[in-house]
Amino acid sequence: TTNGYSTGANIGGFVGTMFSGVTIEDSYATGAVTSAGSQVGGFAGYAGHNSTGVPSYIKRSYATGAVSAAGKNYVGGFIGYGEYYLRVEDSYATGVVNGASYVGGFIGETDHSDYFIRSYAKGTVNGTSRVGGFAGRAYSSNTSNSCESGAGVCGNNYSADSAPYIPSFSYVSASGNVTGTGGSYVGGLIGSVDEATNHLSYLIKVNESFATGNVQGASIVGGLVGYANGIRVEESYASGTVASNANDNSIGGLIGYVETTSGSTYNFIFDSYATGNVSGNSRIGGFIGEAYTQTCQQCIQINRSYSKGAVTGTNETTSNGFVGSIRYHSSYGYSIYSVANSSNPSFYINAGNNNNGTTSDAGSLDNVDYTGGYPKTLAQLQAQGTFTGNWDFQNVWAIDPIVNGGTPHLRRNTAEEVTGLTAVAFNNTILLRWRGKDMENGYVVVAAQGATAPTAADCSTNSAIDVGANTFYYHN
């Protein structure tokens, strides 16, 4: 709990350097950490460093102190720098973080085969370049020339839930505001995602994760991820406002700049959304600011996603509700590919300056416009019937008029600030009651321990919806 200062590198509130084979559990650090060196973290300065497959673990731990390394790199609220088989589970950081580049609310940079699960960061994050609410940068440099194929398009059916050599983020979140002053690659969750291989199994994974803080930087700024080159995003979202603080380019509600390079990297974004307002100069999009490919027609795929924030760009011809700008090599054509568009459509609100470019008929599902999405009104986005094709409203999506402004939210990934939480046990059941900040009425969840479901009368409610085995959801 003691505040500390050091002029060296690898400085942490709990441990300075943590090598392979070490496990830390149920531990914490609460003091502020200040350093004139790099690789500085609220809990650990450096963690990992073993390429032979021997992991290090940090479980059920936290750091709450502010972390500051003025003008220095690799600074994180929990870990400054992590690499090679670092596993972090059920941990969090809440302190304000200040540094130069590779600065994150939880970790400054994560390399190669680290994974993070059920963890979060809440502190404000300030830096220059590669700045993120959770991680400043996620990087993988494995080399392989193989490509798994399926359904006629390379990668449509590949399975890589536990690929061994990539950073992975599952059920993680960031809620602090993120600022990159005078720099690029700034994201609400991750500033920069770099995957330097062309193997589909090595895509850096972001799964069921979200960012809610406001994000600003000079260029390449996104509500979830600033820059993506080799990423797979699934069931994730961003809700904060996203802006260029230098009236610059490539600003997006979810991702600022998605790119495939000469190494034939791929980018997949499935079942995700962005709700924040977006502003900048050019290449401004409600979902993605700019998408660019050098190597193939189908390297960037976006399926079953939407955006609804207002989009404001100085250059109106490259400011659009879904994707601001699509650029591609003349040999390959459009870079955004949605497998059978009518089966996996994406949408954005067609209102105000959300739709400054030339678009197709908003009423026709068969005519996707050149920004990669179908323009709809807010009322249409609030109607489940709009989301045709393979949109899954049984397992993935849900619509509730008092959640997310009535537009679709993710069943397994929805954050709501609640008050008045109570738990009562009776009649072989457990009742949880709470009230959300935007709810006129409260919510009740009943988890039945027996085979018989409790009735609405048991909870003094009017209706019940089964949302899982022995779990029943009531809206008062």
Engineer: Please report the interatomic distance CG(Asp392) to CG(Asp271), rounded to the nearest 0.5 Å.
Structural biologist: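 So the CG of Asp392 and the CG of Asp271 are separated by 8.0 Å.
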Engineer: Under 3.5 Å, side chain of Gln39 to main-chain N/O of Asn73, donor-acceptor pair present?
Structural biologist: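 Not confirmed, Gln39 side chain does not pair with Asn73 backbone.
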Engineer: Could you give the distance from OH (Tyr102) to OG (Ser192), rounded to the nearest 0.5 Å?
Structural biologist: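 One gets 8.0 Å once the value is rounded to the nearest 0.5 Å.
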Engineer: Can you measure from NZ (Lys308) to CG (Asn277) and round to the nearest 0.5 angstrom?
Structural biologist: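 Taking NZ in Lys308 and CG in Asn277, the distance rounds to 10.5 Å.
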Engineer: I'd like to know if the side chain of Ser325 reaches the main chain of Arg283, judged simply by a donor and an acceptor atom lying under 3.5 Å from each other, with no hydrogens or angles considered.
Structural biologist: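 No, because the side chain of Ser325 does not come within donor-acceptor range (under 3.5 Å) of the backbone of Arg283.
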Engineer: Between Tyr257 and Asn229, is the side-chain hydrogen bond (donor to acceptor under 3.5 Å, both in side chains) condition met? List the steps.
Structural biologist: CA-CA 9 Å; Tyr257 185 14; Asn229 183 4; over 6 Å; no
Engineer: Does Arg137 form a salt bridge (Lys or Arg N to Asp or Glu O under 4.0 Å) with Asp194? I'd like the steps, not just the answer.
Structural biologist: CA-CA 8 Å; Arg137 185 196 193 203; Asp194 303 284; 2.9 Å; yes
Engineer: Can you tell me if Tyr139 and Glu83 form a side-chain donor-acceptor pair at under 3.5 Å?
Structural biologist: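 Short answer, no.
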Engineer: Please assess Val75 against Val97 for the test side-chain contact (heavy atoms from CB on, under 4.5 Å), listing each intermediate value before the final yes or no.
Structural biologist: CA-CA 7 Å; Val75 185; Val97 183; 3.8 Å; yes
Engineer: Any donor and acceptor pair, going by atom type alone, linking the side chain of Asn245 with main-chain N or O of Ala218 inside 3.5 Å?
Structural biologist: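 It does hold such a pair.
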Engineer: Which heavy atom of Asn126 sits nearest a heavy atom of Asn98, and at what distance?
Structural biologist: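 Scanning both residues completely, I find the closest heavy atoms to be ND2-OD1, 3.0 Å.
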Engineer: Would Arg304 and Phe270 count as a cation-pi pair here, with the cationic atom under 6.0 angstrom from the ring centre and within 45° of the axis?
Structural biologist: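 Here Arg304 passes the 6.0 Å and 45° test against Phe270.
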Engineer: Between Arg411 and Trp397 (side chain of the first, backbone of the second, donor and acceptor by atom type, cut-off under 3.5 Å), is there such a pair?
Structural biologist: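 Yes, Arg411 side chain to Trp397 backbone: donor-acceptor pair under 3.5 Å.
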Engineer: Are Val233 and Leu224 packed together at the side-chain level, in the sense that at least one heavy-atom pair is separated by less than 4.5 angstrom?
Structural biologist: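 Touching, per the 4.5 Å side-chain cut-off.
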Engineer: Does one side chain, of Ser101 or Thr128, offer a donor that lies under 3.5 Å from an acceptor on the other?
Structural biologist: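 Result is yes, a qualifying pair exists.
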Engineer: Looking only at heavy atoms, what is the nearest atom pair of Gly77 and Ala63, with distance?
Structural biologist: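 So the two residues come closest at O-CB, 3.7 Å.
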Engineer: Please examine the side chains of Ser250 and Ser219, heavy atoms only from C-beta on, and report whether any two atoms are closer than 4.5 Å.
Structural biologist: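 In short, these two side chains do not touch, never coming nearer than 4.5 Å.
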Engineer: Quick one: are Ile58 and Phe43 in side-chain contact, heavy atoms under 4.5 Å?
Structural biologist: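 Answer yes - side chains close enough.
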Engineer: Please check: side-chain N/O of Asn249 versus main-chain N/O of Ile220, any donor-acceptor pairing under 3.5 Å?
Structural biologist: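 Flag not set: sc Asn249 to bb Ile220 has no pair under 3.5 Å.
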Engineer: Stepwise, does the salt bridge (Lys or Arg N to Asp or Glu O under 4.0 Å) test hold for Glu234 with Arg232?
Structural biologist: CA-CA 7 Å; Glu234 294 184 275; Arg232 184 181 179 95; 3.0 Å; yes
Engineer: Sort out for me which residue in Val178, Thr110, Leu189 forms a side chain to side chain contact (heavy atoms under 4.5 Å, CB included) with Phe134.
Structural biologist: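 Single side chain to side chain contact (heavy atoms under 4.5 Å, CB included) partner of Phe134 among Val178, Thr110, Leu189: Leu189.
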Engineer: Could you report the tightest heavy-atom contact between Ala121 and Gly133, atom names first, then the distance?
Structural biologist: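 Result for this residue pair: CB-O, 3.4 Å.
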Engineer: OG of Ser279 to CD of Gln216: how many Å apart, nearest 0.5 Å?
Structural biologist: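 If I round to the nearest 0.5 Å, the distance is 9.5 Å.
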Engineer: If I compare all heavy atoms of Ala36 with all of Lys72, which pair ends up nearest, and what's the gap?
Structural biologist: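 Smallest heavy-atom distance, with atoms named: O-CE, 2.7 Å.
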Engineer: Identify the residue among Glu208, Glu235, Glu89 that makes a side chain to side chain contact (heavy atoms under 4.5 Å, CB included) with Tyr171.
Structural biologist: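 Only one option passes, and that is Glu208.
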Engineer: Donor-acceptor pair, Thr407 side chain versus Gly405 backbone, under 3.5 Å?
Structural biologist: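 Not at all, since once roles are kept as given, no pair shorter than 3.5 Å links the two residues.
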Engineer: Fit a plane to each ring of Phe78 and Phe106, take the angle between them on a 0 to 90° scale, and name the class: parallel (under 30°), tilted (30 to 60°) or perpendicular (over 60°).
Structural biologist: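 Answer is parallel, since the angle falls under 30°.
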Engineer: Counting C-beta onward and ignoring hydrogens, is there a side-chain heavy-atom pair between Ile231 and Val206 closer than 4.5 Å?
Structural biologist: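 Answer yes - side chains close enough.
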Engineer: Can you find a pair of side-chain heavy atoms, one from Phe287 and one from Ile302, that are under 4.5 Å apart?
Structural biologist: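 SC-SC contact between Phe287 and Ile302 confirmed.
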Engineer: Going through the checks in order, is the side-chain contact (heavy atoms from CB on, under 4.5 Å) test met by Ile300 and Thr260?
Structural biologist: CA-CA 8 Å; Ile300 300 175; Thr260 64; 3.8 Å; yes
Engineer: Do any N or O atoms from the side chain of His409 and from the backbone of Ala398 form a donor-acceptor pair under 3.5 angstrom?
Structural biologist: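 Such a contact is found between His409 side chain and Ala398 backbone.
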Engineer: Would you check if the side chain of Ser307 reaches a backbone N or O of Gly321 as a donor-acceptor pair within less than 3.5 Å?
Structural biologist: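 Looks like yes, one N/O pair under 3.5 Å.
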Engineer: Does the side chain of Thr94 come within less than 4.5 Å of Tyr62's, by heavy atoms?
Structural biologist: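 A side-chain contact under 4.5 Å is absent here.
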Engineer: Kindly determine whether Tyr120 and Ser173 satisfy side-chain contact (heavy atoms from CB on, under 4.5 Å), including the steps that lead there.
Structural biologist: CA-CA 5 Å; Tyr120 66 87; Ser173 65; 3.3 Å; yes
Engineer: Is there a side-chain contact (heavy atoms from CB on, under 4.5 Å) between Tyr266 and Leu203? Walk through the geometry before answering.
Structural biologist: CA-CA 7 Å; Tyr266 295 80; Leu203 297 180; 4.3 Å; yes
Engineer: What's the separation between atom CG in Asp114 and atom OG in Ser168, rounded to the nearest 0.5 Å?
Structural biologist: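 Reported value, rounded in 0.5 Å steps: 10.5 Å.
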Engineer: For a 4.5 angstrom cut-off between non-hydrogen side-chain atoms, does Tyr227 reach Ile190?
Structural biologist: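 No, their side chains stay 4.5 Å or more apart.
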Engineer: If you compare all heavy atoms of Asn267 against all heavy atoms of Glu259, which two are closest, and at what distance to 0.1 Å?
Structural biologist: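 For Asn267 and Glu259, the tightest heavy-atom pair comes out as ND2-O, 3.0 Å.
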Engineer: Checking Asn214 side chain against Gly240 main chain: does a donor-acceptor pair fall under 3.5 Å?
Structural biologist: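 No; zero donor-acceptor contacts below 3.5 Å.
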Engineer: Taking all non-hydrogen atoms of both residues into account, name the closest pair between Thr386 and Gln380 and its distance.
Structural biologist: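 It is OG1-O, 2.5 Å.
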Engineer: Ignoring hydrogens and geometry, is there a side-chain-to-backbone donor-acceptor pair from Asn404 to Gly406 under 3.5 Å?
Structural biologist: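 Not confirmed, Asn404 side chain does not pair with Gly406 backbone.
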Engineer: Would you call Leu254 and Ile269 a side-chain contact if the rule is heavy atoms closer than 4.5 Å?
Structural biologist: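 With C-beta onward as the side chain, the pair touches.
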Engineer: Classify the ring geometry of Tyr306 against Tyr273: parallel below 30°, tilted from 30° to 60°, perpendicular beyond 60°.
Structural biologist: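 Aromatic pair Tyr306/Tyr273 classed parallel.
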Engineer: Once rounded to the nearest 0.5 Å, what's the spacing between atom CD of Glu290 and atom OG of Ser282?
Structural biologist: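 So the CD of Glu290 and the OG of Ser282 are separated by 8.0 Å.
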